[in-house]
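Per chain, numbering begins at 1; letters A, B, ... match sequence-line order.
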Protein chains: 2
Amino acid sequence: MPKPRAINPEINAVELTEAEWEIMKVVWEKEPCAAGTVQETLAKSRDRAYSTVKTTMDRMADKGFLEIERIRNLQLFKSCISEVDARRGEFRRMLKRAFDGALTPMMQFLIEHEGLSKEEASQLRMLVEKQNTGGARKEKAKNESSNR
Amino acid sequence: MPKPRAINPEINAVELTEAEWEIMKVVWEKEPCAAGTVQETLAKSRDRAYSTVKTTMDRMADKGFLEIERIRNLQLFKSCISEVDARRGEFRRMLKRAFDGALTPMMQFLIEHEGLSKEEASQLRMLVEKQNTGGARKEKAKNESSNR
DNA sequence: GAATGTATACGACAAATGTCGAATATGTCA
DNA sequence: TGACATATTCGACATTTGTCGTATACATTC
C-alpha cells in the first residue's frame with residue numbers, strides 16, 4: 001500500500017488575504033491595469049472606496065505580489081505571482097491545517113462528507129484516467145507554472 | 001456533460017485561525033481538558049505562555065467554538081464544533097477563494113500542478129470506485145457530521 | 001492560618017487587515 | 001491661465017490575531 005506523500009507546504013507559500021484574492025483576480029484578467037479600473041470592476045459586486053482598493057494594492061506591491069509601472073502620472077499594476085502560484089498556496093495551507101498535509105485523507109473527506117455525487121465522482125475518475133494514460137501533463141505544468 | 005456543481009460556501013462556515021486549529025486539535029483529542037493541558041501539549045512543538053493559550057481559548061469560547069464546564073476552581077474545555085465541521089469550513093473557504101467554489105477545476109489543478117503521482121492517482125481512483133459501487137457513505141456521513 | 005503552588009481574570013501591545021478621508025499633484029481643455 | 005477632473009499620497013482608525021505579564025483567587029499542606 002503506497003504511503004500517502006505529504007506535499008511540502010513551505011515551498012512557494014504564496015498566501016493571499018480575502019481582499020487580495022479579489023484584487024488579484026481582476027489584475028490577472030486585465031493587467032496591466034490601473035487601481036481605478038480594479039476598483040470599478042469590484043464595485044459591481046461590492047462597493048469600496050477607491051482609496052481602499054489603492055491602499056491594498058500598494059501593500060500588495062510592497063509584499064511583492066504586484067509591481068507598478070509608471071507612465072507619467074499613472075500607475076499600471078501587473079501581477080508578480082501567477083494564478084497557479086496563488087491557488088497552490090491556498091490549497092496547501094488548507095491541506096496543512098485541516099489534513100496534516102496529506103492528500104488521501106482529504107479525498108476521503110470529500111467523498112464521505114461533501115456529498116460528492118456519482119456524476120462528480122465519474123468526472124473525477126475521468127480526470128484520473130487521463131492522467132494515468134499519459135496526457136500532456138508535463139508540458140502544461142511547465143507552461144503554466146510560476147512566473148515569479 | 002455534467003455541469004460542475006458549486007458547493008455552497010455559506011452554510012456551516014466554520015473558520016478557524018492558525019492558532020485556533022492547533023488548539024482545537026488538542027481539544028478534540030483530549031476533551032474535556034484544561035487550558036494547562038493544552039498548553040503543555042502544544043509546548044512540545046512550539047512554546048507559548050500559558051496565558052497566550054488561555055486567552056485564545058477564552059476567545060474561542062466567546063465565538064462558540066469551545067464551551068467551558070466549571071468544576072470548583074477549574075475550567076474544563078469541550079469542543080462545540082466537530083473536526084468534520086472545521087475541515088469542511090477550511091476546505092470550502094479554499095475552494096471558494098481559489099476555484100470559485102467548483103470542485104472539478106480543483107481536481108484538474110491537483111493533477112496538473114501538484115504532481116499527483118500515478119500511485120496517488122490510483123489511490124484516488126480506488127476511493128472513487130468504492131464510492132461508485134455503493135459503500136456505506138450515507139451512514140458514515142450521518143454519524144460523523146456536525147454536532148453543533 | 002501562613003506559605004506555596006496552581007488557575008483564572010484581565011489589561012496591554014504589536015502586527016496585519018480592511019476601511020476611508022483629505023491634502024496634494026498632475027493632466028486636460030476652453 | 002484658470003477651472004475641473006482624476007490620481008496619488010498618506011495618515012488614521014477599528015478589528016482581529018497572536019502574544020504576554022501581573023494581579024487575584026483558590027487549594028493544599030505544613
Side-chain angles (χ1 to χ4, degrees), chain A residues 13-27 30-43 45-78 81 86 89-90 93 96-97, chain B residues 13-27 30-43 45-78 81 86 89-90 93 96-97:
Chain A
V14 173
E15 308 220 334
L16 303 178
T17 68
E18 190 59 33
E20 287 172 345
W21 261 105
E22 289 182 43
I23 288 170
M24 280 309 291
K25 285 178 183 175
V26 178
V27 172
K30 307 197 170 181
E31 67 185 323
C33 62
T37 306
V38 175
Q39 190 265 322
E40 286 157 21
T41 305
L42 291 178
S45 52
R46 190 144 143 21
D47 209 34
R48 264 169 297 210
Y50 166 81
S51 54
T52 299
V53 175
K54 181 61 161 60
T55 298
T56 305
M57 291 179 76
D58 286 341
R59 288 175 184 168
M60 289 169 77
D62 289 342
K63 291 182 187 179
F65 294 156
L66 295 177
E67 65 180 330
I68 301 176
E69 177 192 353
R70 289 164 198 273
I71 299 178
R72 307 184 64 81
N73 188 32
L74 227 78
Q75 296 179 341
L76 290 184
F77 288 81
K78 290 190 290 187
I81 57 168
E90 194 70 32
R93 170 172 54 198
K96 180 166 186 258
R97 280 189 181 177
Chain B
V14 174
E15 308 221 335
L16 302 178
T17 68
E18 191 60 34
E20 287 171 346
W21 262 105
E22 289 181 45
I23 288 170
M24 280 308 292
K25 285 177 183 176
V26 178
V27 173
K30 308 197 170 180
E31 66 184 326
C33 62
T37 307
V38 175
Q39 191 265 322
E40 286 157 21
T41 305
L42 290 177
S45 53
R46 190 143 143 22
D47 209 34
R48 263 170 299 210
Y50 167 82
S51 54
T52 299
V53 175
K54 181 62 162 58
T55 298
T56 304
M57 291 179 77
D58 285 341
R59 289 175 183 167
M60 289 169 77
D62 289 341
K63 292 182 185 178
F65 294 155
L66 295 177
E67 64 181 329
I68 302 176
E69 178 191 353
R70 289 164 197 274
I71 300 178
R72 303 185 65 83
N73 188 33
L74 227 77
Q75 295 177 341
L76 291 183
F77 288 82
K78 291 190 290 188
I81 56 168
E90 194 71 32
R93 171 172 53 200
K96 180 168 187 257
R97 279 189 181 175

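- Between B:M60 atom CE and D:dT16 atom C1' there is a gap of 14 Å when expressed in whole angstrom units.
- Distances shown here put a side-chain N or O of A:R46 below 4.0 Å from the OP1 or OP2 atom of C:dT19.
- Using modelled atom types and a 3.5 Å distance limit, the side chains of A:T41 and A:K30 yield a donor-acceptor pair.
- Heavy-atom minimum distance, A:L76 versus A:P32: CB-CB, 4.0 Å.
- Closest to the B:N73 side chain, of the nucleotides D:dT9, D:dA27, C:dT17, is D:dA27.
- Atom CZ of A:F65 is separated from atom P of C:dA16 by 12 Å (rounded to the nearest Å).
- Of the candidates C:dG21, D:dA12, D:dT17, D:dA12 carries the atom nearest the A:R59 side chain, counting heavy atoms from C-beta on.
- Each of A:A19 and B:T55 lies near DNA chain C, and the nucleotide nearest B:T55 is the one positioned closer to the 5' end.
- Under 3.5 Å, the side chain of A:S51 and the base of C:dG21 form at least one donor-acceptor pair of N or O atoms.
- Between A:M57 atom CE and D:dT9 atom C1' there is a gap of 15 Å when expressed in whole angstrom units.
- Contact of the B:E31 side chain with the B:L66 side chain is not registered, since no non-hydrogen atoms from C-beta on lie closer than 4.5 Å.
- When distances run from any side-chain atom of B:T52 to the nucleotides D:dG18, C:dC20, D:dC20, the shortest one goes to D:dC20.
- Listed pair B:K63 / D:dT17 meets the phosphate criterion, a side-chain N or O lying under 4.0 Å from OP1 or OP2.
- Look at CG on B:L16: it is 16 Å from P on D:dT16, rounded to the nearest Å.
- Regarding B:R48, its CZ atom lies at a distance of 15 Å from the P atom of D:dT17, rounded to whole Å.
- Following rounding to the nearest Å, B:Q39 (CD) and C:dT8 (P) show an atom-to-atom distance of 12 Å.
- The side chain of B:R70 lies closest to C:dA9, out of C:dG18, D:dG18, C:dA9.
- When each of A:E20 and A:R72 is assigned the nucleotide of DNA chain C with its nearest heavy atom, A:E20 is the one assigned upstream, toward the 5' end.
- Listed nucleotides: D:dT19, C:dG18, D:dT8. Nearest to the side chain of A:Q75: D:dT8.
- In this structure, CG of A:D58 is placed 16 Å from C1' of C:dA16, rounded to the nearest angstrom.
- Proximity of A:T17 to the phosphate of C:dG18: a side-chain N or O atom is located under 4.0 Å from OP1 or OP2.
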> For B:V27 and B:M60, what are the C-alpha separation, side-chain angles and deciding distance, and is it a side chain to side chain contact (heavy atoms under 4.5 Å, CB included)?
Replying inline: CA-CA 12 Å; B:V27 173; B:M60 289 169 77; over 6 Å; no

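- Distance from the side chain of A:E18 is smallest to C:dG18 among C:dG18, D:dT8, C:dT8.
- The pair B:E90-B:R93 meets the salt-bridge criterion, with a side-chain N (NZ, NE, NH1 or NH2) lying under 4.0 Å from an Asp/Glu carboxylate O.
- One finds no side-chain N or O of B:Y50 lying less than 4.0 angstrom from the OP1 or OP2 phosphate oxygen of C:dT6.
- A:K54 comes within contact range of at least one nucleobase, with a heavy-atom separation under 4.0 Å.
- Rounded to an integer number of Å, the gap from A:I23 CD1 to C:dT17 P is 12 Å.
- Checked by atom type and distance alone, the side chain of B:Q39 never pairs as donor or acceptor with a backbone atom of B:K54 at under 3.5 Å.
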